Amino acid sequence: MASAEFYMARAIELAKNGLYTTDPNPRVGCVIVKDNQIVGEGWHQRAGEGHAEVNALHQAGEKAKGADCYVTLEPCSHYGRTPPCADALVNAGVKRVFIAMTDPNPVVSGSGIHRLREAGIEVHTKLLSSESEKLNPGFLYRMRYSRPYIRSKVAMSLDGRTAMASGESKWITGPKARLDVQKLRARSSAIMTGIGTILADNPQLNVRFSPSDDNWYPSGQKVRQPLKIVVDSEGRLPADAQILKEGKVLVITAKDIAVADTAECLVLPSSDNNIDLNALMAVLAQREINELMVEAGGVLNGALLKAGLIDELIIYMAPKIMGDMARGLFHLPDMVSMAQNLSLEIDDIRAVGKDWRITAKPIYSEES
């Protein structure tokens, strides 16, 4: 007889199928079990389409009556683009519902559980909750802190350099690391860079997928392109920049400027032409940006780090030496003593082709 943890682990695996497609909704998986047999499975595939519970119930059919339901996030109790999942479970006649974690969305939080219990359904919570949390860092951050989860990707040489003195940085890492970056982009709500990177590298900052690349993107699904954001306080973005040629672009400035037809200009408070990054994050949360990926140079990354806004660093380290004149990872001129250093908590280190990928979280002081 399989345990409750076994079925919830299966629901978490199902939720991962929506890693690249559910934004701005959370990734959710659901398993329906009756007589120790899985009779229905489902996951949320795309915003506006059926939620995980509804998809699992559809597969289970009449077998859902008297069954147990395992779901990675509290079932919704309100009408959005789809009807409430809590009502669907009640109407299907399930006996017990196991929930990994409550929904931090104030519109839902606790009310879905209340609806189930009100209908006489036995509800159990906090089953593999920490594993479920990892599915949706951005959604949870947006609901709890009114800002996106910010993941900064940097590529560096073995001696900690990101670009030559001229700004040249293509390519520090190899093809497998660059493919890995495509996966990070694909799961993100938005990709943000600074005007310095645009002027130096003229990047596209889009998701480029080929079916020959290990088939990592869901089969048959159109690739979702994240919003592209350029922090450009002085309005220096060239009209022919590559980033403007595809998808939506948001240009963050300190003054109202004319931008290309494909872009939107957003004027935010600034000091000495430095955009108020906390104000920016609040705006992005209002626009339902869950996971924000930063691909920028040392100036913007340094400002984000100084503001305590980088939640996760993805560092690709190439077996190369670029020398003293090359540029460093972060521009932090005020950091002059060891007492000012910023510690990192290393979550993971692994080889990606000929390069190494380090996943780390900054440990900010209370003053940050």
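Index from 1, following the sequence. Quick caveat: nothing in here was measured; it's all calculated off a predicted structure.
Contact annotation: the side chain of K245 never approaches that of Q204 to less than 4.5 Å [non-hydrogen atoms, C-beta and beyond]. Side-chain atoms of D159 and M322, non-hydrogen and from C-beta on, do get closer than 4.5 Å to each other. Side-chain contact between E41 and Q59: present, with at least one pair of heavy atoms (C-beta onward) separated by less than 4.5 Å. Looking at heavy atoms from C-beta onward, Y364 lies in side-chain contact with I310 at the 4.5 angstrom threshold. Side-chain contact between L277 and L300 is present, with heavy atoms from C-beta onward closer than 4.5 Å. Between Y20 and K183 there is a side-chain heavy-atom pair separated by less than 4.5 Å. In this structure the side chain of R187 reaches within 4.5 angstrom of the side chain of R27, judged on heavy atoms. With contacts defined as side-chain heavy-atom distances shorter than 4.5 Å, the pair R224/T21 does not qualify.
Once rounded to the nearest 0.5 Å, the distance linking CG of D232 with CG of L199 reads 7.5 Å. Rounded to the nearest 0.5 Å, atoms CG (L292) and OG (S152) are 9.5 Å apart. The distance from the CG atom of L128 to the OG1 atom of T72 is 10.5 Å, given to the nearest 0.5 Å. To the nearest 0.5 angstrom, L284 atom CG is 7.0 Å from L250 atom CG. Between atom CE of residue M8 and atom OH of residue Y70 there is a gap of 8.0 Å, rounded to the nearest 0.5 Å. Summarising the geometry, atom CE belonging to M101 is positioned 4.0 Å from atom CD belonging to E133; distances are rounded to the nearest 0.5 Å.
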message: For D87 and R115: C-alpha separation, side-chain torsions, deciding distance, then whether side-chain contact (heavy atoms from CB on, under 4.5 Å) applies.
response: CA-CA 8 Å; D87 286 353; R115 174 72 183 96; 2.7 Å; yes

- prompt: Which is it for D355 and T173 under the side chain to side chain donor-acceptor pair (under 3.5 Å) test, yes or no, and what are the steps along the way?
  reply: CA-CA 7 Å; D355 306 304; T173 55; 4.6 Å; no

message: Show, in sequence, the C-alpha distance, side-chain angles and deciding distance for T22 and R46, and conclude whether the side-chain contact (heavy atoms from CB on, under 4.5 Å) test is met.
response: CA-CA 4 Å; T22 66; R46 190 176 291 273; over 6 Å; no

message: Please evaluate residues C30 and I32 with respect to the criterion side-chain contact (heavy atoms from CB on, under 4.5 Å), reporting the C-alpha separation (whole Å), side-chain torsions for both, the decisive distance (0.1 Å), and the verdict.
response: CA-CA 7 Å; C30 181; I32 308 293; 4.1 Å; yes

- request: Output, in order, the C-alpha distance, side-chain angles, deciding distance and verdict of salt bridge (Lys or Arg N to Asp or Glu O under 4.0 Å) for E13 and R10.
  value: CA-CA 5 Å; E13 286 303 309; R10 174 59 184 163; over 6 Å; no

field: Steps toward side-chain contact (heavy atoms from CB on, under 4.5 Å) verdict (I195, E234)
entry: CA-CA 9 Å; I195 186 61; E234 297 179 352; over 6 Å; no

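Residues L237 and I257 share a single hydrophobic cluster, defined by chaining ILVMFWY side chains whose heavy atoms lie under 4.5 Å apart. Under the 4.5 Å side-chain heavy-atom criterion for Ile, Leu, Val, Met, Phe, Trp and Tyr, V54 and I121 are members of distinct hydrophobic clusters. Side-chain heavy atoms closer than 4.5 Å link hydrophobic residues (I, L, V, M, F, W, Y) into clusters, and following such links, possibly through other members, connects M192 to I150. Note: the hydrophobic cluster containing V71 does not contain I38 (ILVMFWY, side chain heavy atoms under 4.5 Å, direct or indirect links). Linking ILVMFWY residues whenever their side-chain heavy atoms come closer than 4.5 Å, directly or via other members, places I315 and I346 in the same cluster.
Taking the charged nitrogens against the carboxylate oxygens, D311 and R147 do have a contact shorter than 4.0 Å, which makes a salt bridge.
The nearest pair of heavy atoms linking S132 to I12 is N-CD1, 4.0 Å. Smallest separation of non-hydrogen atoms from N25 and H44: ND2-NE2, 3.1 Å. The heavy-atom pair separating P362 from L342 by the smallest distance is CB-CD2, 4.1 Å. Of all non-hydrogen atoms in G50 and N55, the two that sit nearest each other are O-ND2, 3.3 Å. The two residues L304 and M281 have their closest heavy-atom pair at CD2-CE, 4.0 Å. Across all their heavy atoms, E312 and Y149 have their closest contact at OE1-OH, 2.8 Å.
Distance alone, capped at 3.5 Å, is enough to place a donor-acceptor pair between the Q182 side chain and the R208 backbone. For D201 (side chain) and P203 (main-chain N/O), no donor-acceptor pair under 3.5 Å exists by modelled atom type. A donor-acceptor contact shorter than 3.5 Å is absent between the side chain of K255 and the backbone of G235. Of the possible polar contacts, one joining the S189 side chain to the N290 backbone as a donor-acceptor pair under 3.5 Å is found. Within the 3.5 Å criterion, the main-chain N or O of G66 finds no donor-acceptor partner in the side chain of K34. Checked by atom type and distance alone, the side chain of E53 never pairs as donor or acceptor with a backbone atom of A86 at under 3.5 Å. In this structure, the side chain of D35 does not engage the main chain of Q37 through any donor-acceptor pair within 3.5 Å. At distances below 3.5 Å, at least one donor-acceptor pair connects side-chain atoms of T193 with backbone N or O atoms of E295. A distance-only check finds no donor-acceptor pair linking the side chain of S271 to the backbone of N274 [under 3.5 Å]. Side chain of Q225 to main chain of V207: a donor-acceptor pair is present (N/O by atom type, distance under 3.5 Å, no hydrogens or angles).
Side chains of T359 and D347: a donor-acceptor N/O pair is absent below 3.5 angstrom, by distance only. Side-chain contact of Y7 with D68: a donor-acceptor pair under 3.5 Å is absent, judged by distance alone.
Crowding of K65 atom NZ: a count of heavy atoms from other residues, nucleotides or ligands under 6.0 Å not exceeding 12.
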